[in-house]
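None of these values were measured; they are calculated from a predicted model.
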Amino acid sequence: MTPELTVLTLAALLQVVQYAVYAVPANLELGTGYTMSARDREPSKPLSDRTARLGRAMDNHFEGLILFTIACVVITLAGKSFWFTTTCAFTYLGARVLYIPAYALGWRPWRSYIWAIGFLATLLMLITALL
C-alpha cells in the first residue's frame with residue numbers, strides 16, 4: 001500500500017472519530033427521543049455552539065475527503081507516489097486533525113488557514129498526478 005493510501009485510511013478513521021465526537025454531545029443535548037426519530041421536524045432546542053461546530057467540522061471533512069480520496073487513488077494508480085506526495089498527504093491529515101479543535105473552539109481566522117493548508121496539499125497532489 002502506498003503511503004498516500006495509508007494516510008487516506010487514517011483520514012477515514014479520523015472521520016469515524018469526528019462522528020463520535022459530534023454524535024455523543026448531540027445525543028445528550030437533543031435527547032434520544034429526537035435523535036432516534038425520523039427527524040421530520042426541527043429539534044425543540046438548538047445544539048450548543050460547540051456541538052453545532054463539531055457537526056459542521058465533520059461535514060466539512062466529508063467534503064474534503066472526496067477530493068483527497070481522488071488525489072490518493074490517482075497518485076497510487078499512476079505510480080506517482082514519492083516523498084512530495086507523501087508529505088502532501090500527511091499535511092492534509094495534520095490539517096484535518098487541527099481543524100477539529102480550530103472549528104470547535106472558534107479559532108478565527110486560524111480555522112480558515114488550517115483548512116486552506118489541507119486544501120492546498122490536496123490540490124498539489126492532484127496537480128502532481130498530471131505531471
For [X] versus [Y], what's the shortest heavy-atom pair and its separation?
{"X": "Pro3", "Y": "Ser81", "result": "CD-OG, 3.7 Å"}
{"X": "Thr122", "Y": "Tyr92", "result": "OG1-CD1, 3.3 Å"}
{"X": "Met125", "Y": "Cys72", "result": "CE-SG, 3.9 Å"}
{"X": "Ala129", "Y": "Val74", "result": "CB-CG1, 3.4 Å"}
{"X": "Ala95", "Y": "Ile114", "result": "O-CG2, 3.1 Å"}
{"X": "Ala20", "Y": "Pro25", "result": "O-CD, 4.3 Å"}

**Q.** Approximate separation, where rounding is to 0.5 Å, of Phe82 CZ and Thr2 OG1
**A.** 13.0 Å

(Q) Could you measure the distance from the CD1 atom of Ile100 to the CG atom of Asn60? Nearest 0.5 Å is fine. (A)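 So the CD1 of Ile100 and the CG of Asn60 are separated by 10.5 Å.
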
Is there a path of hydrophobic side-chain contacts, each under 4.5 Å between heavy atoms of I, L, V, M, F, W or Y residues, that connects [X] with [Y]?
{"X": "Tyr113", "Y": "Trp107", "value": "yes"}
{"X": "Leu14", "Y": "Tyr99", "value": "no"}
{"X": "Met1", "Y": "Leu10", "value": "yes"}
{"X": "Leu130", "Y": "Phe84", "value": "no"}
{"X": "Ile117", "Y": "Ile127", "value": "no"}

Q. Does Phe62 have any ring pair (Phe, Tyr, Trp, His ring centres under 6.0 Å) partners at least two apart in sequence or in another chain, and if so, which?
A.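 Expected list: none.
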
So, do [X] and [Y] sit near enough that their side-chain heavy atoms are less than 4.5 Å apart?
{"X": "Thr91", "Y": "Thr87", "result": "yes"}
{"X": "Leu8", "Y": "Leu65", "result": "yes"}
{"X": "Val73", "Y": "Glu4", "result": "no"}

Could you go through residues 51-59 and list every donor-acceptor pair under 3.5 Å that involves a side-chain atom there, pairing it with any protein atom two or more places apart or in another chain?
unit_1, atom_1, unit_2, atom_2, d
Thr51, OG1, Glu29, OE2, 2.6
Thr51, OG1, Ser48, OG, 3.0
Arg53, NH1, Ala104, O, 3.2
Arg56, NE, Tyr103, OH, 3.0

Q. Only one of Leu93, Thr86, Thr85 clears side chain to side chain contact (heavy atoms under 4.5 Å, CB included) with Val7; which?
A.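 Looking at Leu93, Thr86, Thr85, the match for Val7 under the side chain to side chain contact (heavy atoms under 4.5 Å, CB included) is Leu93.
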
Q) Between Leu67 and Phe119, does a side chain to side chain contact (heavy atoms under 4.5 Å, CB included) hold up when you go through it step by step? A) CA-CA 9 Å; Leu67 285 177; Phe119 185 78; 3.8 Å; yes

Q: Output every pair passing side chain to side chain donor-acceptor pair (under 3.5 Å) with a member in residues 18-28, not counting sequence neighbours, ordered by first then second residue.
A: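 Sorted result for residues 18-28: Gln18-His61, Asn27-Thr35.
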
